[in-house]
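Worksheet: the structure to be examined is printed underneath.
Throughout, a chain's letter reflects where its sequence line sits, starting with A, and its residues are numbered from 1. All of these numbers come straight from a predicted model, not from anything done at the bench.
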Amino acid sequence: MKIATFNINGVRARIETLTSWLSEAQPDVVVLQEIKTQDESFPAEPIADLGYNLEVHGQKSFNGVAILSKLPLEDVRRGLPGDESDEQSRYIEATVVGQQAVRIAGLYLPNGNPQPGPKFDYKLAWMERLRARARELRDLEMPVLMLGDYNVIPEPRDAAFPEKWVDDALFQPESRAALRRILNDGWTDAIRLREPDSKRGPFTFWDYQAGAWHKDNGIRIDHVLMSPQAADLLIDVGIDRDERAKDKPSDHVPVWVDLDA
DNA sequence: ATGGTTGATGGTCAA
């Protein structure tokens with residue numbers, strides 16, 4: 001079962017970017033972030049034409065997440081628990097049953113800039129809620145993936161120029177510590193597992209500005225976290241870096257894992 | 001040091 005995450009940066013503006021990648025990469029399940037549209041405006045037809053079921057948790061203008069799956073999506077849950085007043089659409093969960101059931105959580109973690117400030121406070125509070133949900137999911141003792149745009153640069157080697165990020169919410173000690181706390185609860189970072197000794201990179205995001213792609217001025221902020229039972233099924237991982245060089249790219253590229261499930 | 005880009009929206013905000 002090939003499962004991917006892709007921050008599409010506006011699914012209506014980039015539906016052809018999405019469908020051409022789907023046709024080529026042939027993932028079984030995809031979580032999308034920053035769809036930037038309400039449920040009823042999601043371009044569902046081209047997705048259905050490619051054989052995908054679709055569950056959307058949209059929002060007008062900003063944020064918005066979705067899950068696509070060639071297999072049925074079961075037990076869909078929208079929103080990150082822990083704050084009834086949170087109206088931002090950043091989290092969706094569903095179960096996909098292949099050879100065995102895999103629980104999949106797609107997330108768009110708050111950016112948190114500027115910091116310090118209320119947006120950064122929201123980010124850190126959101127991360128504590130995510131940790132609480134992650135512990136519940138871990139305790140299911142089943143294959144679970146929590147994947148998406150985490151908006152956290154875990155370590156200096158996850159940025160081409162880490163010194164440029166020292167004042168950014170994505171690289172604050174508090175943001176990095178909050179991600180480490182989740183990992184230390186028993187989750188595995190799939191990309192880092194396969195490239196443990198890399199001194200720089202790989203990256204998943206390159207800004208549109210200032211020729212960042214051309215200079216390979218990237219960061220790694222899109223992550224796939226695996227529960228122990230999911231990690232046991234890991235066959236392969238990848239970053240579809242070439243997508244960034246194509247026409248009308250997102251500023252993020254897809255990240256995927258293949259599980260024996 | 002500043003500005004550089006993009007989407008959704010319809011003036012700016014978010015990233």
Side-chain angles (χ1 to χ4, degrees), chain A residues 5-21 30-44 46-47 56-66 79-80 86-91 106-127 130 147-154 158-172 174-176 178-179 203-223 240-241 243-255:
Chain A
T5 174
F6 194 0
N7 180 321
I8 194 65
N9 188 20
V11 73
R12 286 181 292 172
R14 268 182 256 284
I15 186 61
E16 288 171 10
T17 301
L18 176 59
T19 53
S20 70
W21 170 72
V30 183
V31 297
L32 297 176
Q33 302 89 38
E34 284 205 87
I35 62 171
K36 296 186 176 180
T37 186
Q38 298 170 101
D39 295 15
E40 56 270 26
S41 309
F42 192 104
I47 300 300
V56 182
H57 184 37
Q59 180 178 339
K60 188 176 182 179
S61 303
F62 307 117
N63 306 324
V65 291
L80 180 64
D86 184 1
E87 294 183 346
Q88 299 192 32
S89 297
R90 297 180 172 275
Y91 187 88
L107 62 102
Y108 176 46
L109 206 146
N111 176 296
N113 282 304
Q115 75 79 30
K119 291 190 172 183
F120 190 58
D121 296 341
Y122 173 68
K123 176 182 193 139
L124 296 180
W126 203 96
M127 292 189 81
L130 181 64
L147 71 171
D149 178 358
Y150 276 74
N151 268 317
V152 177
I153 302 166
D158 294 307
F161 301 99
E163 66 276 11
K164 303 276 191 196
W165 297 91
V166 291
D167 294 324
D168 196 286
L170 278 58
F171 196 52
Q172 288 312 292
E174 297 94 328
S175 309
R176 295 166 57 196
L179 177 57
F203 306 130
T204 66
F205 169 95
W206 296 261
D207 201 286
Y208 290 121
Q209 301 185 83
W213 166 249
H214 191 67
K215 300 176 200 165
D216 197 24
N217 178 10
I219 53 176
R220 191 172 72 96
I221 55 175
D222 300 273
H223 306 303
D240 289 348
R241 179 185 162 96
E243 293 302 305
R244 187 64 179 79
K246 295 185 178 175
D247 287 341
K248 206 168 169 59
S250 171
D251 39 6
H252 299 248
V253 295
V255 181

Rounding to an integer number of angstrom, what distance separates [N] and [M] when you compare their [atom1] atoms?
N	M	atom1	result
B:dT6	B:dA1	P	27 Å
B:dG4	B:dG10	P	25 Å
B:dA14	B:dT9	C1'	12 Å

Gap between atoms [atom1] and [atom2], on [X] and [N] respectively (whole Å):
X	N	atom1	atom2	answer
A:D251	B:dT5	CG	P	14 Å
A:N7	B:dT6	CG	C1'	12 Å
A:R12	B:dT6	CZ	C1'	14 Å
A:W213	B:dT6	CH2	P	15 Å
A:N63	B:dA14	CG	C1'	9 Å
A:E34	B:dT5	CD	C1'	14 Å
A:I221	B:dA15	CD1	C1'	10 Å
A:K164	B:dG3	NZ	C1'	13 Å

Practice item. Verify the contact: side-chain N or O of A:K248 to OP1 or OP2 of B:dG7, cut-off strictly under 4.0 Å; return yes or no. Key: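 Affirmative; the distance criterion is met.
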
Given [options], identify the nucleotide with an atom nearest to the side chain of [X].
X	options	value
A:Q209	B:dG7, B:dG4, B:dA15	B:dG4
A:F62	B:dT6, B:dA14, B:dG3	B:dA14
A:Y208	B:dA15, B:dA8, B:dT5	B:dT5
A:S61	B:dG7, B:dT9, B:dA15	B:dT9

Review point. Hey, are A:D216 and A:R241 close enough for a salt bridge, meaning a charged N less than 4.0 Å from a carboxylate O?
Key: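 A salt bridge is present here (some side-chain N lies under 4.0 Å from a carboxylate O).
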
Exercise for review: Look at all strands and tell whether A:F205 reaches a base, only sugar-phosphate, or nothing, counting heavy atoms closer than 4.0 Å.
Suggested key: nothing

Exercise for review: Nearest-nucleotide wise, let me know which of A:D149 and A:I35 is further upstream toward the 5' end of DNA chain B.
Suggested key: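 Comparing both residues, the 5'-ward one is A:I35.
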
Review point. Where each residue is assigned the nucleotide of DNA chain B containing its nearest heavy atom, which of A:K60 and A:P249 is assigned the position nearer the 5′ end?
Key: A:P249

Review point. Is the closest side-chain heavy-atom distance between A:Q172 and A:L124 below 4.5 Å?
Key: no

For [X] and [Y], does a side-chain donor sit closer than 3.5 Å to a side-chain acceptor?
X	Y	value
A:D86	A:Y91	no
A:N217	A:W206	no
A:N63	A:Q88	yes

